[in-house]
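This report concerns only the one structure given below.
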Amino acid sequence: MILHVDMDQFVAAVEILRRPELRGQPVVVGGAGDPTARRQVVSTASYEAREHGVHSGMPLRRAAQLCPSAVFLPTDPAAYSEASERVMAVLRGFPVDVEVWGWDEAFVGGDIADPQALAAELKAAVFAETGLTCAIGIGENKLQAKMAARFAKPGGVHTLTTAEWLPVMGPRPAADLWGIGPKTARKLDELGLHTIAQLAATPPEDLVERFGPRQAAWLPVAASGGGDTHISTEPWVARSRSRENTYAEDLSDLDEISREVAAMARALTADVVDDGREITHVAVKVRYTSFFTPTREMKLRAGPTTDPEVVELAALHLLTKFEWKRPVRLLGVRVNLAMPD
DNA sequence: TCTGGGGTCCTAGGACCC
DNA sequence: TCTGGGGTCCTAGGACCC
């Protein structure tokens with residue numbers, strides 16, 4: 001069996017931990033914590049704020065309208081990263097395999113005799129050592145465990161097995177499946193495939209034309225409750241690193257745009273060089289006020305580099321490949337990293 | 001009340017080479 | 001002479017996740 005550990009309202013919970021007076025109050029974490037700021041969105045809302053309809057991705061100003069009494073806090077990624085490390089260390093203290101999945105999730109596998117007992121022990125240990133609570137899903141593969149954790153939230157334990165899968169998940173919309181987003185859900189709807197049970201009963205051949213071979217093969221398997229059972233304990237090696245910024249006021253001046261992109265390119269290079277990595281590709285992203293968002297990317301011809309000058313010049317070169325007739329609201333730079341041997 | 005930031009993986013088309 | 005088929009690299013975009 002595989003367990004999926006999913007922290008409850010993780011970002012909000014970390015903030016509440018260091019400000020206990022916030023417990024029980026609606027808390028909204030996002031942007032610089034200013035509910036009047038434009039172009040900033042909710043990162044995480046506490047359960048109390050969610051009761052007012054506030055959710056991740058919502059503009060802060062909208063959140064403030066829905067829940068004027070909420071406490072608004074700036075995001076503090078370093079604090080969440082540090083809290084995440086403490087949680088994962090607790091999980092690794094057990095004789096199990098742990099695969100970290102983002103800040104606030106992990107899959108746990110290995111030689112597990114009694115998954116229910118293990119789940120209870122993990123929850124208790126995480127709470128005792130970090131003050132944070134989690135939900136735990138138990139399943140026969142990662143997909144089942146992940147879906148089970150949704151039923152377990154907040155703070156519970158839930159099991160979903162192959163035998164239970166179709167009776168429980170079958171009637172639910174295909175969009176409930178981990179890996180099916182709004183676009184795929186709409187395409188499935190257009191094919192008359194609305195529920196997980198309907199998708200599970202569809203031969204891949206019927207999906208190839210619309211979805212391509214890989215997704216066509218995966219969709220019915222996932223809908224039938226099939227999934228990956230491998231827990232990888234290898235440390236994650238990042239493929240890329242990026243920085244982007246949405247500006248409160250649109251940018252039109254190409255000199256200013258160039259300065260911004262150059263600064264991002266240099267900062268990014270410093271970050272990855274700190275991590276001992278080399279840069280192979282540079283990409284620039286522009287979002288116009290229309291929300292049209294093209295990207296331009298290039299491989300560094302001279303080979304992998306750690307030189308900020310090279311990365312900056314590449315980014316500035318890529319800038320020449322865009323049209324500058326309209327103002328922009330976002331600029332971003334991404335670098336791809338050479339994979340160590 | 002207009003729509004964040006940081007990632008990963010997949011697909012598709014064109015260039016280029018044999 | 002007007003024309004094939006395969007393989008790989010590169011870039012752009014789409015979709016999804018937290």
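In what follows, chains carry the letters A, B, and so on, assigned in the order in which the sequence lines appear, proteins first and then strands, with residues in each chain numbered from 1.
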If the C1' atom of C:dC17 is compared with that of B:dG4, how far apart are they to the nearest Å?
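That atom pair is separated by 15 Å.
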
Report which part of the nucleic acid [X] touches: base, sugar-phosphate, or nothing (heavy-atom distance under 4.0 Å, all strands).
X      : result
A:T184 : sugar-phosphate
A:G212 : nothing
A:G179 : sugar-phosphate
A:M58  : nothing
A:L60  : nothing
A:R301 : sugar-phosphate

I need the A:L188 CG to A:I180 CD1 distance, nearest 0.5 Å.
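Spacing of CG (A:L188) from CD1 (A:I180) equals 5.5 Å.
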
Distance in Å, A:R23 CZ paired with A:E15 CD, rounded so as to fall on 0.5 Å steps
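The CZ atom of A:R23 sits 12.5 Å away from the CD atom of A:E15.
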
Given atom [atom1] of [X] and atom [atom2] of [N], what is their separation to the nearest angstrom?
X      : N      : atom1 : atom2 : result
A:D76  : B:dG6  : CG    : P     : 15 Å
A:R214 : C:dC16 : CZ    : C1'   : 15 Å
A:L66  : B:dC2  : CG    : C1'   : 14 Å

Would you say a side-chain N or O of [X] is under 4.0 Å from OP1 or OP2 of [N]?
X      : N      : answer
A:W218 : B:dC10 : no
A:R243 : B:dG6  : no
A:W178 : C:dC18 : yes
A:K146 : C:dC18 : yes

Is there ring stacking between A:F291 and B:dT3, where the centres must be under 5.5 angstrom apart and the planes under 30 degrees?
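Stacked: centres under 5.5 Å apart, planes under 30°.
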
Does a donor on one side chain sit under 3.5 Å from an acceptor on the other, for A:T133 and A:D8?
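Side-chain D/A pair, A:T133 to A:D8: present.
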
In terms of side-chain heavy atoms, does A:T162 have a donor or acceptor partner in A:Q144 at a distance below 3.5 Å?
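Checked: A:T162/A:Q144 side chains pair up, N/O donor to acceptor below 3.5 Å.
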
Under the 3.5 angstrom rule, does the side chain of A:R39 hit a backbone N or O of A:R329 as a donor-acceptor pair?
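Flag not set: sc A:R39 to bb A:R329 has no pair under 3.5 Å.
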
